[in-house]
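Labels below follow one simple rule: chain letters A, B, ... track the order of the sequence lines, proteins then strands, and each chain is numbered from 1.
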Protein chains: 2
Amino acid sequence: MTGPDPQPDDQPAPRRRRLRPDASAGPTLAEVAARAGVSEITVSRVMRGAGNVSAATEARVREAVRETGYVRNRLAGSLAGHRSNQIGVLLPSLGNIVFPDVLNGIEDSLEARGFHPVLGITHYQPEREEHLLASLLAWRPAGLIVTGTRHSAATRAMLGAGGVPVVEVMDVDTPPVDMAVGISHRAAGAAMARHLIGRGYRRFGYVGHDLGADERAAQRRDGFRHALATAGLPEAQECLSGTPSSVGAGRAALAQLLERARPEAVFFSNDDMATGGVFHCLAAGISLPGDLAIAGFNGLEIGQQLPQPLTTIGSRRRDIGRRAADMILARLAGETPDPVADVGFTLIPGATA
Amino acid sequence: MTGPDPQPDDQPAPRRRRLRPDASAGPTLAEVAARAGVSEITVSRVMRGAGNVSAATEARVREAVRETGYVRNRLAGSLAGHRSNQIGVLLPSLGNIVFPDVLNGIEDSLEARGFHPVLGITHYQPEREEHLLASLLAWRPAGLIVTGTRHSAATRAMLGAGGVPVVEVMDVDTPPVDMAVGISHRAAGAAMARHLIGRGYRRFGYVGHDLGADERAAQRRDGFRHALATAGLPEAQECLSGTPSSVGAGRAALAQLLERARPEAVFFSNDDMATGGVFHCLAAGISLPGDLAIAGFNGLEIGQQLPQPLTTIGSRRRDIGRRAADMILARLAGETPDPVADVGFTLIPGATA
DNA sequence: CTGTTAGCGCCTTCAT
DNA sequence: ATGAAGGCGCTAACAG
């Protein structure tokens, strides 16, 4: 980057100090300070809004900032000041709208306070989470938001040792490393089972996607099954697609399930899958909920705009994201928020069950 | 953070050097170096994979790193080394799957090379973009990915002055500040018009969302209208919802349009809107494409899983994201990629038109 | 292949 | 309300 300088240096001064020889590096506090006729620290105070600067001085500094086109350097600032405005965010997937919704909530809260999310996608792989976390930690983020409570031992260790606030989002069924925001997915699954039982259904089916990866979907299924057992009902007939969740997978899996079973009502692992189920019924001339009842999870917009609104559970993803960011920010402000926040879910009755 | 220390310091030594008095700060290169019996720079070389370190030395260093639990500090590293592994990413919205898809592609490519996206959401507001960009620039990112080519003058200035690679994504209709990846939205709109004309339709409708915010949707509409005019056909009857794009908005807007017009075919601003249109038809008993033809844009999975697959245009969002990241990375590697990459779109015939 | 020296640009602490 | 001094932890630029 720095230009070559092949000439032998035969001047007496042995060491040539290179105070910003490189014009591309941009102005520094020192330059602004000189221009404003104040010291660096005063400019620093103005830039940080640290107070203890007279209005007149501040005006002169701001003017100098404008003239020089000074851009704050947070690398230097964070190194010296031990504080960052970056929050590491680890999400498993951006493949459907669920985690983007969470991220949206996170960004909402962070942006309002001048913080930035630094993102990593784990693809539901613990090793990838571990690797990404290690890499993020090198930036000394002010806080961390990670998904779920299932982590590798090394990940758990890093989260614990970091000394920064950590929020595990989505799930409050397991005690968190530090803090958690979400809902109980077991309870949600059970709630849907009870709702369907209350509607008179007795023979159940379950259609799911790759549950090995998506632990929360697995928990909903567990809750659902447990509630059926508690009610003395037979086990649900299941069809698990083994693929990631998608509308197509749900559509195919329901078709497959119906080849070998005649459930009255089918609980899907989520709304994408359930929407696929609805599409299968639409295409196959199966009437909802007369011939078959369908229920999902998440409360996505698409489900509510179907010809018949989907019976589902609203999962308040954006609230979860916002809340997670707020908890981090509260900690950074010296507060001690409740370590676990259950934002609760809402059963949306819909018309498909 | 540092504990209070109110005692007056009456010792002779005037300045107490605090080399890491705070245990929470974690080990430094110096500690690892001491433990491995080498100099700091050698540890640094190992950590950065800079080469020029013997296998034996490297092994000792790695062992010392393990023993001390050393975590690299990129704040210090980037400050000293003038290089970051962070890429600023500015997206207008995470409200539907479109930009998460792009982000997914970006993250894909970045993660493979050890880079991280630092995210900002502009909500389609130029002032917000400007503000976020200024804030991101303070982190001296290695590159920048921003959406579209419409920016405030200040934003444009910052993008130009940054001295870092910049990619404007989604749209290649306008010359970029530095580089661009995307498709021509005008061409896409025109292509759909020609496709529909080729299918025999002559009376057209257009259903859109808030076009003031979404310039690319506006360009598709322009291309569509222009192609109709070129073919000597009457203007499309339009219904613009003024809200952000959503399935519900599309559903409502189509219903409204059909109250006052009888188009043979309707082009929607995107697949979310078009899906809403399909749902309206499903609910109102309008048969597709006999009574009405519908076309969208984006090629979302949901559209292809509808009882009849949606006629639409695939927009290769993930490719756009990946490509954008690759262009930045190429530049950082000293290469000079073509400044404009048109990834092209695909007309998906579907069955709704 | 390994080490020395001198900052990177800012903020903390302490003084005034 | 303002300033002086030094260090945050690391890497570039040389030497050897």
Side-chain angles (χ1 to χ4, degrees), chain A residues 1-6 8-9 14-22 24-34 36-58 60-61 70-84 138-140, chain B residues 1-2 4-6 8-9 14-22 24-33 36-58 60-61 70-84 138-140:
Chain A
M1 282 224 163
T2 306
D5 188 6
D9 188 353
R15 54 191 62 119
R16 30 188 181 152
R17 306 186 64 220
R18 304 184 303 97
L19 273 183
R20 296 198 48 250
D22 185 352
S24 79
T28 66
L29 275 192
E31 257 133 295
V32 178
V38 298
S39 68
E40 292 186 29
I41 188 63
T42 298
V43 181
S44 173
R45 285 181 179 125
V46 171
M47 294 311 290
R48 285 177 290 142
N52 276 353
V53 176
S54 74
T57 303
E58 171 160 354
R60 296 221 322 285
V61 168
Y70 173 73
V71 177
R72 215 175 147 181
N73 186 334
R74 294 201 90 121
L75 292 171
S78 294
L79 178 61
H82 304 286
R83 60 183 108 262
S84 168
W139 282 102
R140 302 295 187 267
Chain B
M1 284 224 162
T2 307
D5 188 7
D9 189 353
R15 53 190 65 117
R16 29 187 182 152
R17 307 185 65 221
R18 304 184 304 96
L19 273 182
R20 296 200 47 248
D22 185 351
S24 80
T28 66
L29 274 192
E31 256 132 296
V32 178
V38 299
S39 69
E40 293 185 31
I41 189 66
T42 298
V43 181
S44 173
R45 286 182 179 126
V46 171
M47 295 310 291
R48 284 177 290 142
N52 276 354
V53 177
S54 73
T57 304
E58 171 160 356
R60 298 221 320 286
V61 168
Y70 173 73
V71 177
R72 214 175 147 180
N73 186 334
R74 295 200 91 120
L75 292 171
S78 295
L79 178 61
H82 303 287
R83 59 183 107 260
S84 168
W139 281 102
R140 302 294 189 266

Engineer: Has the side chain of B/R74 got a donor or acceptor atom sitting under 3.5 Å from an opposite partner on the base of D/dG9?
Structural biologist: no

Engineer: Just how far, in rounded Å, is P of C/dC11 from CE of A/M47?
Structural biologist: 9 Å

Engineer: With nearest nucleotide decided by heavy atoms, which residue, A/R45 or A/A30, maps closer to the 5′ end of DNA chain C?
Structural biologist: A/A30

Engineer: Have a look at A/L29 and say if it touches a base, only the backbone sugar-phosphate, or nothing, with a 4.0 Å heavy-atom cut-off.
Structural biologist: sugar-phosphate

Engineer: Measuring to OP1 and OP2 of C/dC8, would you say a side-chain N or O of A/T28 lies under 4.0 angstrom away?
Structural biologist: no

Engineer: Roughly what angle, to 10°, lies between the helix axis at the start of the helix from C/dC1-D/dG16 to C/dT16-D/dA1 and the one at its end, five pairs per end?
Structural biologist: 20°

Engineer: If only atom types and distance count, is the side chain of B/R60 paired as donor or acceptor with the main-chain N or O of B/A36 below 3.5 Å?
Structural biologist: yes

Engineer: Kindly determine whether B/W139 and A/S78 satisfy side-chain contact (heavy atoms from CB on, under 4.5 Å), including the steps that lead there.
Structural biologist: CA-CA 10 Å; B/W139 281 102; A/S78 294; 3.3 Å; yes

Engineer: Please report the distance, rounded to the nearest Å, between CD in B/E31 and P in D/dG9.
Structural biologist: 9 Å

Engineer: Does any part of the side chain of A/R140, heavy atoms only, come nearer than 4.5 Å to the side chain of A/H82, both counted from C-beta?
Structural biologist: no

Engineer: Measuring only between side-chain heavy atoms, which start at C-beta, is A/L79 closer than 4.5 Å to B/N73?
Structural biologist: yes

Engineer: Side chain of B/A80, heavy atoms from C-beta onward: which of C/dG9, C/dG7, D/dG3 has the nearest atom to it?
Structural biologist: C/dG7

Engineer: Compare the minimum distances between each of C/dC11, D/dC10, C/dT12 and the side chain of A/R72, then state the nucleotide with the smallest one.
Structural biologist: C/dC11

Engineer: Reckon B/R48 touches a base, only the sugar-phosphate, or nothing at all at heavy-atom distances under 4.0 Å?
Structural biologist: sugar-phosphate

Engineer: Separation of B/L75 atom CG from C/dG7 atom C1', in whole Å?
Structural biologist: 17 Å

Engineer: If each of A/I41 and B/Y70 is mapped to the nucleotide of DNA chain D with the nearest heavy atom, which maps nearer the 5' terminus, i.e. the 5' end?
Structural biologist: A/I41

Engineer: Between C/dT2 atom C1' and B/E40 atom CD, what is the distance in whole Å?
Structural biologist: 14 Å

Engineer: Under 4.0 Å, counting only non-hydrogen atoms across every strand here, what does A/T57 touch: a base, just sugar-phosphate, or nothing?
Structural biologist: sugar-phosphate

Engineer: Should the side chain of A/R140 and the base of D/dG9 be counted as holding a donor-acceptor pair, with the cut-off at 3.5 Å?
Structural biologist: no

Engineer: Using OP1 and OP2 only, check whether a side-chain N or O of A/S39 sits under 4.0 Å from D/dA4.
Structural biologist: no

Engineer: Measure the CD-OG1 distance between B/E58 and B/T42 for me, rounded to the nearest 0.5 Å.
Structural biologist: 11.0 Å

Engineer: From the list D/dG3, D/dT11, C/dT2, which nucleotide is the closest neighbour of the side chain of B/S44?
Structural biologist: D/dT11

Engineer: Want to settle it: does A/G81 or B/R83 sit nearer the 5' end of DNA chain D, counting the closest nucleotide to each?
Structural biologist: A/G81

Engineer: Under a 3.5 Å distance rule, please check whether B/S44 uses its side chain to pair with a backbone N or O of B/E40 as donor and acceptor.
Structural biologist: no

Engineer: Tell me what B/N73 touches on the nucleic acid: a base, only sugar-phosphate, or nothing, going by heavy atoms under 4.0 Å.
Structural biologist: sugar-phosphate

Engineer: Evaluate the side-chain proximity of B/V61 to B/V53: yes if any heavy-atom separation is below 4.5 Å, no if none is.
Structural biologist: no

